[in-house]
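See below for the structure under consideration.
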Amino acid sequence: MTPEQFAAHRDIFREFIDQTHVYTAMIVLGAFVVYGLAGYLAYREQWIAAAVSATVGYLVFRQFRSLSMSLAELRLQGRSECAEALQLLREEFKTRNPKQVYELLERLAKEDAETG
């Protein structure tokens with residue numbers, strides 16, 4: 001994705017980044033709540049439930065970046081004005097992992113903000 005492509009869909013990409021931040025915070029908070037639940041279950045000597053809870057929390061936390069980006073994409077998917085921007089994102093996902101796409105969007109947003 002080029003800076004020109006980013007600038008053409010600036011508002012949509014910024015909304016995508018903001019939504020990704022919100023979903024990331026919710027996923028991380030939820031994962032740590034599940035870790036707390038696992039600790040409580042272990043304290044109550046419910047070892048299998050504690051192990052399952054901790055495993056689910058770990059698996060969700062491990063995938064937080066791709067999960068939060070997918071949720072942000074779903075939120076924008078129904079809007080017709082977002083179609084071209086989402087297509088650009090899907091093309092980036094074909095060649096890069098979610099962390100790289102996120103870093104690219106953040107860098108382009110920062111450069112765009114600096115240039116005005």
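- Partners of E103 by side-chain hydrogen bond (donor to acceptor under 3.5 Å, both in side chains), not counting sequence neighbours: none found.
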Practice item. With side-chain contact (heavy atoms from CB on, under 4.5 Å) as the test, would you mind laying out the steps for E15 and R79 before giving the verdict? Key: CA-CA 13 Å; E15 184 178 349; R79 296 176 21 203; 2.9 Å; yes
Give the table of side-chain donor-acceptor pairs shorter than 3.5 Å for residues 82-91, with sequence neighbours excluded, one pair per line with atom names and distance.
{"unit_1": "R90", "atom_1": "NE", "unit_2": "E73", "atom_2": "OE2", "d": "2.9"}
{"unit_1": "R90", "atom_1": "NH2", "unit_2": "E73", "atom_2": "OE2", "d": "3.2"}

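- Here the shortest heavy-atom pairing between L37 and S53 reads CD2-OG, 4.1 Å.
- Residue P98 comes nearest to S66 through the heavy atom pair CG-CB, 3.6 Å, listed as atom of the first residue, atom of the second, then distance.
- The environment of R75 atom CZ is sparse: at most 12 non-hydrogen atoms of other residues, nucleotides or ligands sit within 6.0 angstrom.
- Hydrophobic clustering, with ILVMFWY side chains joined whenever heavy atoms are under 4.5 angstrom apart, groups L104 together with I12.
- Each ring-ring contact (aromatic ring centres under 6.0 Å, His included) pair with one or both residues in residues 33-53, not counting sequence neighbours, appears once here: F32-Y35.
- Under the rule for a side-chain contact (heavy atoms from CB on, under 4.5 Å), the partners of L59 that lie at least two apart in sequence or sit in another chain are T55.
- Each of V22 and I17 belongs to its own hydrophobic cluster when Ile, Leu, Val, Met, Phe, Trp and Tyr are linked at side-chain heavy-atom distances under 4.5 angstrom.
- At least one side-chain heavy atom of L105 sits less than 4.5 Å from a side-chain heavy atom of F13.
- The stretch residues 78-101 participates, sequence neighbours left out, in no ring-ring contact (aromatic ring centres under 6.0 Å, His included) pair at all.
- When all heavy atoms of A31 and G57 are compared, the pair lying nearest together is CB-O, 3.8 Å.
- The main-chain N or O of F16 is never found under 3.5 Å from a side-chain atom of Q19 such that the two would form a donor-acceptor pair.
- Within the 4.5 Å cutoff, no side-chain heavy atoms of R65 are placed close to those of T24.
- Side chain of Q5 to main chain of T2: a donor-acceptor pair is present (N/O by atom type, distance under 3.5 Å, no hydrogens or angles).
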**Study point:** Worked verdict on Y58 versus F61 for ring pair (Phe, Tyr, Trp, His ring centres under 6.0 Å)
**Key:** CA-CA 5 Å; Y58 169 76; F61 182 74; 7.9 Å; no
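- From D11, atom CG reaches atom CG of D18 across 10.5 Å, with rounding to the nearest 0.5 Å.
- Annotation for I27 and V60: closest pair CG2-CG1, 3.7 Å, computed over non-hydrogen atoms.
- Take A7 and apply the side-chain contact (heavy atoms from CB on, under 4.5 Å) test, not counting sequence neighbours, and it matches R10, D112.
- A continuous path of Ile, Leu, Val, Met, Phe, Trp and Tyr side chains, each step under 4.5 Å between heavy atoms, connects F64 with V56, placing both in one hydrophobic cluster.
- A salt bridge does not link E106 with K110: none of the charged nitrogens is closer than 4.0 Å to a carboxylate oxygen.
- A chain of hydrophobic side-chain contacts below 4.5 Å, direct or via other Ile, Leu, Val, Met, Phe, Trp or Tyr residues, connects Y23 to L67.
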